[in-house]
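A short worksheet on the structure shown next.
Hydrogens, waters and symmetry mates are skipped; everything else that's a heavy atom, side chains included, is used.
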Amino acid sequence: MSGGVTVRDTKNTQRDVHSQSDLKDSDVINVQGMSMKVAQAKELGLLNAVFDEGLSIGAAQRAAQEHSSVVVETLEEPKGSDTGHAEFDSVIDGLNASLDDSIMTMEEAKTYETAFGQIAMSGMSVDEVIETMRGLADGSVSELDVDGDTRAMFANVQSTITEAATQSAMQELGPDGFDFLKQASATNPGVDRVVRQFAVDRAAGRADGITWTEFVQHIREQLGH
């Protein structure tokens with residue numbers, strides 16, 4: 001290959017060009033693997049890319065690809081939620097991550113989002129509620145420690161989480177897997193606690209990408225099954 005950029009004129013005659021000043025708007029040039037007139041390349045701002053690194057078309061294509069990658073990454077850069085409630089935003093972002101990881105259905109995520117949204121709108125601290133529910137699950141917090149005015153909301157949120165988590169576990173694990181988890185929880189207080197904690201973490205978007213299948217496998221290993 002010569003040291004210049006090969007172009008074709010209106011008569012389809014090829015020639016090597018070493019400077020943009022030698023180009024005519026009607027010349028056809030190869031840009032990003034596509035043939036286009038110089039005038040079009042100018043309009044798209046691609047002409048300069050062709051004349052880089054020793055006037056190598058291959059280098060120009062690489063430059064164009066790198067530019068495209070930067071544009072794509074910039075466009076696809078995730079933006080966090082902005083509801084005005086930072087703690088609730090973290091829940092939404094976590095649930096969105098679970099959706100991206102395909103460990104949760106949209107219906108389940110929406111159920112949790114609504115439950116925690118009610119907490120955020122009430123002015124209560126979402127993080128405090130999550131920690132309290134974890135404490136209730138592991139026994140470190142007594143129901144008597146929960147303020148009477150908020151006990152009803154806690155009960156409603158906990159009921160919502162339990163129902164949604166139960167449905168998702170049944171769907172993912174199937175009858176045999178779910179029966180194992182149900183029996184293990186009923187006969188082993190330790191298993192019951194971690195199941196309740198996992199359900200809360202899952203609802204709060206803090207399951208760290210762990211599926212019900214992986215969670216149950218961990219339980220089986222711990223129990224020696």
Listed partners of [X] passing side chain to side chain donor-acceptor pair (under 3.5 Å), at least two apart:
X    : result
D101 : none
T105 : none
Q14  : none
E113 : none

Item to check | Side chain to side chain, D9 and K24, heavy atoms closer than 4.5 Å | outcome: no
Next on the checklist: Other residues, nucleotides and ligands only: do more than 12 of their heavy atoms fall within 6.0 Å of CD on E107?
Outcome noted: no
Nearest 0.5 angstrom please: [X] [atom1] to [Y] [atom2], how far?
X    : Y    : atom1 : atom2 : result
Q197 : I130 : CD    : CD1   : 13.0 Å
K11  : S26  : NZ    : OG    : 11.0 Å
E108 : S98  : CD    : OG    : 8.5 Å

Checklist outcome for this item: Contacts of Q222 meeting side chain to side chain contact (heavy atoms under 4.5 Å, CB included) (sequence neighbours excluded), chain-then-number -> H218
Item to check | Counterpart residues, side chain to side chain contact (heavy atoms under 4.5 Å, CB included), relative to T211 (two or more places apart) | outcome: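 I103, E172, T213, E214.
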Donor-acceptor pairs are to be reported for all side-chain atoms of residues 156-166 against protein atoms at under 3.5 Å, with residues two or more places apart or in another chain.
unit_1	atom_1	unit_2	atom_2	d
T160	OG1	N156	O	2.9
T162	OG1	Q158	O	2.8
T166	OG1	T162	O	2.6

Answer yes if [X] and [Y] sit in the same cluster of Ile, Leu, Val, Met, Phe, Trp and Tyr residues linked by side chain heavy atoms under 4.5 Å apart, and no otherwise.
X    : Y    : result
V28  : L23  : no
V191 : I210 : yes
M104 : L173 : no

Checklist entry - If you group Ile, Leu, Val, Met, Phe, Trp and Tyr whenever their side-chain heavy atoms sit less than 4.5 Å apart, what else falls in with L99? => result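 Taking Ile, Leu, Val, Met, Phe, Trp and Tyr as members, L99 shares its hydrophobic cluster with M106.
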Checklist entry - Any idea which heavy atoms bring A203 and V91 closest together, and the distance? => result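 Where A203 meets V91 most closely, the heavy atoms are O-CG1, 4.1 Å.
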Item to check | Closest non-hydrogen atom pair, A184 against L223 | outcome: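 For A184 versus L223, the nearest heavy atoms are CB-CD1, 4.1 Å.
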Checklist outcome for this item: Residues pairing under salt bridge (charged side-chain N to carboxylate O under 4.0 Å, His left out) where one sits in residues 203-212, two or more places apart or in two chains, turn out to be D127-R206
Checklist entry - So F198 and W212, would you call those rings parallel, tilted or perpendicular, with 30° and 60° as cut-offs? => result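 It falls in the perpendicular class, over 60°.
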Item to check | Working for side chain to side chain contact (heavy atoms under 4.5 Å, CB included), residues F116 and I92 | outcome: CA-CA 9 Å; F116 283 108; I92 295 176; over 6 Å; no
Item to check | ring-ring contact (aromatic ring centres under 6.0 Å, His included) contacts touching residues 165-193 (sequence neighbours left out) | outcome: F180-H225
Checklist outcome for this item: salt bridge (charged side-chain N to carboxylate O under 4.0 Å, His left out) filter on R220, not counting sequence neighbours, yields none
Item to check | side chain to side chain donor-acceptor pair (under 3.5 Å) partners of residues 176-192, not counting sequence neighbours, each pair once | outcome: D192-R196
